[in-house]
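These numbers come from a predicted model, not from an experiment. Computation of the quantities below employed the complete heavy-atom set of this structure, encompassing side-chain atoms and omitting hydrogens, waters and symmetry-equivalent molecules. Reminder, nothing fancy here: chain letters follow the sequence lines and each chain counts from 1.
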Number of protein chains: 2
Amino acid sequence: MAARSMTLPRIECSECPIRHRAVCARCEPDELEQLDAIKYYRSYDAGQTIVWAGDEMDFVASVVKGVASLTQTMEDGRRQMVGLLLPSDFVGRPNRAEAAYDVTAASEVTLCCFRRKPFLDLMGETPHIGQRLLEMTLDELDAAREWMLLLGRKTAREKIASFLAIIARRGTTTTDLGSAGAIEFDLPLTREAMADYLGLTLETVSRQMSALKRDNVIALKGKRHVVVEDFNLLMDETGDDADGGMPS
Amino acid sequence: MAARSMTLPRIECSECPIRHRAVCARCEPDELEQLDAIKYYRSYDAGQTIVWAGDEMDFVASVVKGVASLTQTMEDGRRQMVGLLLPSDFVGRPNRAEAAYDVTAASEVTLCCFRRKPFLDLMGETPHIGQRLLEMTLDELDAAREWMLLLGRKTAREKIASFLAIIARRGTTTTDLGSAGAIEFDLPLTREAMADYLGLTLETVSRQMSALKRDNVIALKGKRHVVVEDFNLLMDETGDDADGGMPS
DNA sequence: TCTGTGATTTGATTTCGATCAATTACAGAG
DNA sequence: CTCTGTAATTGATCGAAATCAAATCACAGA
């Protein structure tokens with residue numbers, strides 16, 4: 001079984017426009033049919049709560065369109081985002097029906113849902129799916145750990161720069177970035193949601209955005225649209241390694 | 001959100017004293033034999049680095065004895081712990097040989113190692129193992145997310161109390177806790193390592209430990225041995241829910 | 001065009017934890 | 001038992017981000 005780790009085949013989950021990270025990325029045509037048989041779509045408006053922490057979830061799902069967030073809330077209202085779900089990300093835990101976190105639509109969101117029971121059955125018969133899920137979960141764990149470094153040790157300015165770099169990477173069509181040319185993207189989150197992501201207050205987020213603008217690291221067109229003329233300049237503000245392994 | 005896995009069968013991985021979360025928890029006798037054939041033990045002294053971030057790891061492993069930490073370090077030396085590995089925890093990523101984090105022995109550590117290649121082959125043939133790994137990874141992801149809330153939103157005092165509660169839970173023989181009776185345990189980390197775990201400085205850790213002692217939430221015997229007379233009193237300091245779902 | 005509401009920015013002040021700087025406690029070596 | 005070095009505690013001060021408090025902006029709907 002040549003573990004095709006790196007580039008995965010981009011088989012479509014039928015009409016589902018998910019292409020790379022989705023559960024069905026490695027499936028054979030007949031397996032796709034089985035997935036199709038148990039799936040349905042669901043849409044949510046921006047701001048709408050998709051699931052409340054503690055709810056029973058009778059499905060697992062894959063994000064097709066939009067941005068959703070996982071957040072934890074303390075009794076006194078302090079909130080921390082613990083997951084940011086972009087298209088192709090997976091929602092839900094195969095063996096646990098009870099949701100551990102609030103899932104909220106940050107923009108208009110479409111999910112491709114799979115009914116829990118038949119999905120579990122299918123997983124039992126189709127090792128691909130479990131393997132794919134393991135890989136995705138490990139990636140998510142890596143992301144969570146980078147996030148922990150950000151939360152625990154970075155300054156407000158570094159947090160903002162890191163967040164912008166993450167969004168720029170996941171939002172654009174991956175090609176350039178390191179090379180020349182301006183990058184532009186829309187922020188998928190309000191200042192408040194950014195604060196929840198970064199462990200800051202919205203005021204601090206706003207101030208640091210202004211500071212990065214003042215220092216010509218970024219430019220803003222409107223409140224949400226960001227222009228990054230030189231991506232390396234932004235990276236210099238993140239506190240991260242300049243980039244592993246320049247050949248001496 | 002008590003992440004409580006369904007109770008798993010406690011089959012021994014041969015001589016290996018791992019009992020509950022280990023990869024082999026669900027294996028049949030013949031599968032255990034195959035695992036035994038590719039495994040070996042390795043020991044490390046306290047403070048020793050087991051793997052450096054970026055190293056090639058030719059094995060994956062399960063912690064048998066002791067405590068190890070995963071840490072990330074920034075160029076200027078700021079450090080954040082991103083994983084705390086106790087006995088039965090898994091180390092390494094099946095499909096990625098390059099270590100993403102420094103792995104350091106916090107105490108004397110024994111690992112049960114499985115050579116990468118044959119382990120992968122065995123995973124291919126034995127769905128149990130991949131399923132077990134997925135479940136363990138999902139648990140780790142939950143733990144990381146609780147950790148993110150701690151790092152992003154909790155005060156220094158809450159961080160210390162939460163850490164002590166976590167260690168108390170994982171260190172003791174699980175039974176009581178909620179009920180009466182004092183709990184005692186040894187801290188497996190130095191103040192500095194606790195600081196790296198909590199996103200604080202060692203001075204702040206020390207000060208807050210003293211404060212909890214002054215306020216009779218904990219008592220100390222020596223520097224490392226903690227006595228918790230009333231676990232609920234400690235929980236009150238964590239900022240977490242008093243405990244989900246008391247029936248009204 | 002006017003108006004109201006929510007999102008965002010900006011300003012003034014406070015506070016918690018970091019930083020700088022000495023002690024103090026303690027385990028292991030001799 | 002004393003010496004020594006590392007771990008831990010404690011104190012004084014500083015500073016980054018939180019908090020409290022107003023503007024200002026942006027845009028949907030009357």
Side-chain angles (χ1 to χ4, degrees), chain A residues 45-48 74 76-80 104 106-107 150-164 186-215 218-226 237 239, chain B residues 45-48 69 74 76-80 104 106-108 150-164 186-215 218-226 237 239:
Chain A
D45 292 329
Q48 207 182 343
M74 295 169 69
D76 61 4
R78 282 176 282 174
R79 277 159 34 97
Q80 176 63 53
T104 311
S107 63
L150 177 148
L151 290 172
R153 295 304 189 190
K154 289 189 177 180
T155 65
R157 171 180 264 244
E158 287 170 340
K159 285 179 175 181
I160 298 287
S162 300
F163 174 75
L164 294 175
D186 285 309
L187 293 173
L189 301 181
T190 65
R191 298 289 187 268
E192 187 177 24
M194 283 175 64
D196 287 342
Y197 184 110
L198 299 168
L200 297 171
T201 60
L202 68 154
E203 292 97 326
T204 299
V205 170
S206 183
R207 270 185 253 277
Q208 295 298 334
M209 291 287 288
S210 300
L212 289 175
K213 196 171 77 176
R214 174 173 48 70
D215 300 342
I218 61 171
L220 294 177
K221 289 181 180 168
K223 303 296 176 186
R224 294 287 195 96
H225 191 80
V226 179
E237 299 289 345
Chain B
D45 291 329
Q48 207 181 344
S69 65
M74 295 170 70
D76 62 4
R78 280 176 284 174
R79 278 158 38 96
Q80 176 63 53
T104 311
S107 63
E108 207 174 288
L150 178 149
L151 289 172
R153 295 303 188 190
K154 289 189 178 181
T155 65
R157 171 180 265 243
E158 288 170 340
K159 286 179 175 183
I160 297 287
S162 300
F163 174 75
L164 293 176
D186 285 307
L187 294 172
L189 301 180
T190 64
R191 298 290 188 267
E192 187 177 25
M194 284 174 64
D196 287 342
Y197 184 110
L198 299 169
L200 296 170
T201 59
L202 68 154
E203 293 97 326
T204 299
V205 170
S206 184
R207 267 186 255 277
Q208 296 298 335
M209 290 286 289
S210 300
L212 288 176
K213 195 172 77 175
R214 174 173 47 72
D215 299 343
I218 60 171
L220 294 177
K221 289 182 180 168
K223 303 296 175 185
R224 293 288 195 95
H225 191 81
V226 179
E237 299 290 344

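- On the nucleic acid side, DNA chain C contacts chain A at distances under 4.0 Å to non-hydrogen atoms, with the end points of that region at C:dT8 to C:dA12.
- Remark: B:D76 pairs with B:R78 by the salt bridge (Lys or Arg N to Asp or Glu O under 4.0 Å) rule, at least two apart or across chains.
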Taking Watson-Crick and G-U wobble contacts under 3.5 angstrom, with | marking pairs to another strand and [ ] crossing pairs, the secondary structure of DNA chain C is written ||||||||||||||||||||||||||||||
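- Using a 4.0 Å cutoff on non-hydrogen atoms, the parts of residues 153-161 of chain B near DNA chain C are B:T155, B:A156, ordered by number.
- Among pairs with a residue in residues 200-211 of chain A, none fulfils salt bridge (charged side-chain N to carboxylate O under 4.0 Å, His left out), at least two apart in sequence or across chains.
- Taking the side chain as every heavy atom from C-beta outward, B:L151 and B:Q80 approach each other to under 4.5 Å.
- If you measure from atom CE of A:M209 to atom C1' of D:dA17, you get 17 Å, rounded to the nearest angstrom.
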Side-chain atoms of residues 186-202 of chain B: list all donor-acceptor pairs with protein atoms under 3.5 Å, sequence neighbours left out, distances to 0.1 Å.
{"unit_1": "B:D186", "atom_1": "OD1", "unit_2": "B:H225", "atom_2": "ND1", "d": "2.9"}
{"unit_1": "B:T190", "atom_1": "OG1", "unit_2": "B:E192", "atom_2": "N", "d": "3.4"}
{"unit_1": "B:T190", "atom_1": "OG1", "unit_2": "B:A193", "atom_2": "N", "d": "3.0"}
{"unit_1": "B:R191", "atom_1": "NH1", "unit_2": "B:K223", "atom_2": "O", "d": "3.4"}
{"unit_1": "B:R191", "atom_1": "NH2", "unit_2": "B:K223", "atom_2": "O", "d": "2.9"}
{"unit_1": "B:D196", "atom_1": "OD1", "unit_2": "A:R153", "atom_2": "NH2", "d": "3.3"}
{"unit_1": "B:D196", "atom_1": "OD2", "unit_2": "B:R79", "atom_2": "NE", "d": "3.3"}
{"unit_1": "B:D196", "atom_1": "OD2", "unit_2": "B:R79", "atom_2": "NH2", "d": "2.9"}
{"unit_1": "B:T201", "atom_1": "OG1", "unit_2": "B:T204", "atom_2": "N", "d": "3.3"}
{"unit_1": "B:T201", "atom_1": "OG1", "unit_2": "B:T204", "atom_2": "OG1", "d": "3.1"}

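- Contacts between residues 186-202 of chain B and DNA chain D, defined by a heavy-atom separation below 4.0 Å, involve B:T190, B:R191, listed by number.
- When the side chain to side chain contact (heavy atoms under 4.5 Å, CB included) test is applied to B:A219, the partners found at least two apart in sequence or on another chain are B:V227.
- Taking the side chain to side chain contact (heavy atoms under 4.5 Å, CB included) definition, one finds that B:Q48 meets it with B:Y44, B:D45, sequence neighbours left out.
- Looking at residues two or more places apart in sequence or on another chain, you find a side chain to side chain contact (heavy atoms under 4.5 Å, CB included) between A:S107 and A:V67, A:V109.
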Quick test: give all pairs of protein nitrogen or oxygen and nucleotides 11-14 of chain D nitrogen or oxygen below 3.5 Å, distance rounded to 0.1 Å.
{"unit_1": "D:dG11", "atom_1": "N7", "unit_2": "B:R207", "atom_2": "NH1", "d": "2.9"}
{"unit_1": "D:dG11", "atom_1": "O6", "unit_2": "B:R207", "atom_2": "NH2", "d": "3.2"}
{"unit_1": "D:dA12", "atom_1": "N6", "unit_2": "B:R207", "atom_2": "NH2", "d": "3.4"}

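- The minimum heavy-atom distance linking B:K154 with B:S162 is given by the pair NZ-OG, 2.9 Å.
- Between A:A46 and A:A106, the shortest heavy-atom distance links the atoms CB-O, 3.9 Å.
- Residues B:Q208 and A:L220 both approach DNA chain C. Their nearest nucleotides, taken by heavy-atom distance, put A:L220 toward the 5′ side.
- B:A211 is linked by a side chain to side chain contact (heavy atoms under 4.5 Å, CB included) to B:R157, B:Q208, B:R214, counting only residues two or more places apart in sequence or in another chain.
- Taken to the nearest 0.5 Å, the CG atom of B:L164 stands 10.5 Å off from the CD atom of B:E237.
- At a threshold of 4.0 angstrom between heavy atoms, the contacts of A:S206 include nucleobase atoms, whether or not backbone atoms are also involved.
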